[in-house]
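Read through the structure below, which is laid out as C-alpha cells, and then see the notes.
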There are 4 protein chains.
Amino acid sequence: MMLHIDLQSETPIYTQLTEQIMEGIASGQLQPGEALPSIRSLAGDLGINLHTVNKAYTLLKQEGYIQIHRYKGVIVQPDGMPEATPAFRERQKQQLKPIIAEAICRGITLEELQVVVRDIYEGLHTLKGE
Amino acid sequence: MMLHIDLQSETPIYTQLTEQIMEGIASGQLQPGEALPSIRSLAGDLGINLHTVNKAYTLLKQEGYIQIHRYKGVIVQPDGMPEATPAFRERQKQQLKPIIAEAICRGITLEELQVVVRDIYEGLHTLKGE
Amino acid sequence: MMLHIDLQSETPIYTQLTEQIMEGIASGQLQPGEALPSIRSLAGDLGINLHTVNKAYTLLKQEGYIQIHRYKGVIVQPDGMPEATPAFRERQKQQLKPIIAEAICRGITLEELQVVVRDIYEGLHTLKGE
Amino acid sequence: MMLHIDLQSETPIYTQLTEQIMEGIASGQLQPGEALPSIRSLAGDLGINLHTVNKAYTLLKQEGYIQIHRYKGVIVQPDGMPEATPAFRERQKQQLKPIIAEAICRGITLEELQVVVRDIYEGLHTLKGE
DNA sequence: GTGGTCTAGACCACT
DNA sequence: GTGGTCTAGACCACC
C-alpha cells in the first residue's frame with residue numbers, strides 16, 4: 001500500500017499516517033496480520049523523521065489497530081479490530097457535529113449528506129472483499 | 001445564545017468558538033442579521049482573551065458566516081449564507097473520510113452510521129423553524 | 001449625484017465619501033461650482049453621523065477639490081482643480097506600485113493592465129463632456 | 001532580499017510587509033520555492049513583534065503567494081502563483097478606480113498615466129530574467 | 001529550531 | 001464603545 005504525505009497540510013504528519021493506515025485497513029488494502037513497513041524503512045521512503053513514524057505507529061497500537069513486535073516488526077491487528085465502544089461513539093459524534101453543522105449552514109440537505117457519506121463508506125468498504 | 005468553552009480540550013479555543021457559532025446558525029438559534037456579542041464582552045464573559053475571540057470572528061467572517069462592522073459590532077450574515085461550492089464539498093469529503101474509515105474499522109455498518117448522521121442533522125436542524 | 005455607502009467595507013465611510021465625490025468630479029457628474037448636499041442632509045440621507053460627512057468634506061477642502069462656505073453651503077471647486085504636483089505624483093506611484101506588483105505576480109501582462117487602466121479612465125472621463 | 005519598514009507610515013506594518021514581499025516576487029528577487037526568513041528572525045531583524053510578521057505571512061499564505069510549513073519554515077509558492085481570477089480583477093478595478101479618478105481631477109491625461117503604469121510595471125518586471 | 005496558540009495590556013480611528 | 005493594530009512574553013506540538 002502506498003502512503004503519501006502532504007508536507008504543507010495543517011494536519012501533523014503523524015496524523016496523516018494514522019489516518020491513511022486506518023483507511024487502508026477499512027478498505028481491506030491492509031489485511032489483518034499483514035506486515036507494515038518497518039519504522040526505519042517507512043521514514044526513509046517518506047523522507048520524514050523516525051520519531052514521526054514511531055508516534056503514528058504507537059498511537060495505532062494504543063487504539064488496537066496494529067501490533068508492534070520488537071525485532072519482528074509491525075503487523076495489522078490479526079485478533080479482531082477494536083470494538084465500537086460507547087466512548088468511541090461519543091467521540092465520533094463530537095467529530096461529526098461541526099461538519100454537519102457547517103453543511104446545514106450551506107444549505108446541504110440531509111439526503112445530499114447521506115449520499116456523500118454513503119459514497120465515502122462504499123468507496124472504502126467495497127474493496128474489502130478483494 | 002449561550003457559548004461555553006472547554007479550556008482543557010485540545011481543540012483550540014477559537015475553533016471551539018467558530019464551531020459553536022456555526023452550530024448556532026445551523027440550528028437557527030442565531031438568526032441572520034442578529035447581533036453577536038462584541039469581541040470584548042464575549043471575551044469577558046468567557047474569561048478568555050479578546051484576541052482569541054477576534055480570531056474566531058475573523059475566521060467566520062472570512063468564510064462568510066458573519067459580518068464584522070468596524071466600530072459597530074458583529075452580526076450573523078444577513079445576505080444569505082455561503083454556498084456549497086465544489087471546494088467546500090471537497091474539503092467536507094476530506095474531513096469525513098478518516099472518520100468514516102475509523103467507523104468501518106470498528107465494524108460500524110453504513111446503516112448505523114446513517115442513523116448517527118441523521119440524528120445529529122435533525123438534532124441541529126429541527127430547531128430551525130422555531 | 002447618488003452617493004452610496006458600504007457599511008461592511010473595510011474602507012472608512014469618510015474615505016468612501018471622498019472617493020465617490022472625486023469620481024463624480026472626474027466624471028463630470030459634479031461640475032465646478034455645483035452645490036453639494038449640506039453636511040446635515042447628506043448625513044441624514046445616508047444614515048450616518050454628521051462628523052463622518054464633515055470629515056470627508058474637510059479632507060476634500062484641504063486637497064482643494066471643494067469649497068466650504070459657512071451658511072452658504074458646499075460647492076465643487078470653481079476656480080480650477082488642484083495641480084498634479086510632484087508630491088502628488090510620488091504618492092500616486094506609491095499607491096500604484098503594490099497593485100501593479102500583485103498584477104505581475106498573477107501573470108497579468110502590461111498590455112492587459114493598460115487595457116484595464118484605459119477602460120476605467122475612459123469610463124470615468126468620457127462623461128465629462130456631457 | 002532586504003525588507004524595510006516605515007514605522008511612521010500610516011499603512012500597517014503587516015501591510016507594508018505583504019506589499020514588499022509581493023513586489024519581491026513580482027520582480028523575481030524572490031524566486032518560487034525560495035525560503036523566506038523565519039517569523040522570529042524577520043521580526044528580530046526588523047525590530048518588530050513576531051505576531052506582526054505572522055499576520056503578514058498568514059495573509060500571503062491565504063492569497064496563495066507563499067507556503068507556511070509548520071516546524072520547517074516559510075517558502076515562496078513553488079506550485080505556480082495564484083491565477084488572475086474574475087474576483088481578483090474586480091478587486092483590482094475597485095483599487096484602481098479612486099486612484100485614476102483623482103488623476104483625472106488633477107488633469108493627468110491617459111497617456112501620462114499609461115507612462116506611469118508602464119514605468120512601474122517594467123521597473124518591477126524587468127528584473128525577472130536576471 | 002519552527003510555526004500555532006493564548007494571554008495581558010496598550011493605543012488608534014471611527015461612530 | 002467598537003474593531004484594528006501592535007507589543008511583550010509565554011507555552012505547546014512537532015521535527
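Only a predicted model underlies this, so the values are computations on that prediction, with no experimental measurement involved.
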Per-residue pairing states of DNA chain F in dot-bracket (Watson-Crick or G-U under 3.5 Å; . unpaired, | other strand) read ||||||||||||||.
Once each nucleotide of nucleotides 2-9 of chain F is scored for protein heavy atoms under 4.0 Å, what B/S/- sequence comes out, 5' to 3'? BBBBBBBB
Can you sort out the partners of Q94(C) under side chain to side chain donor-acceptor pair (under 3.5 Å), two or more places apart, ordered by chain and number? E90(C)
Holding to side chain to side chain donor-acceptor pair (under 3.5 Å), I want the full list of residues that pass it with T18(B), two or more places apart in sequence or in another chain. none
Side chain to side chain contact (heavy atoms under 4.5 Å, CB included) with Q62(D): which residues, sequence neighbours excluded? Q62(B), T58(D), L59(D)
Just grab all the salt bridge (Lys or Arg N to Asp or Glu O under 4.0 Å) pairs involving residues 23-47 of chain D, residues at least two apart or on different chains. K97(C)-E23(D)
Under the salt bridge (Lys or Arg N to Asp or Glu O under 4.0 Å) rule, what pairs show up with a residue in residues 51-71 of chain B, not counting sequence neighbours? R106(A)-E63(B), K61(B)-E10(C), E63(B)-R91(B)
Sorted by chain and number, sequence neighbours left out, side chain to side chain contact (heavy atoms under 4.5 Å, CB included) with H69(D) holds for Q8(A), Q67(D), K72(D), I75(D)
Residues forming a side chain to side chain contact (heavy atoms under 4.5 Å, CB included) with P12(B), sequence neighbours excluded: Y14(B), T15(B)
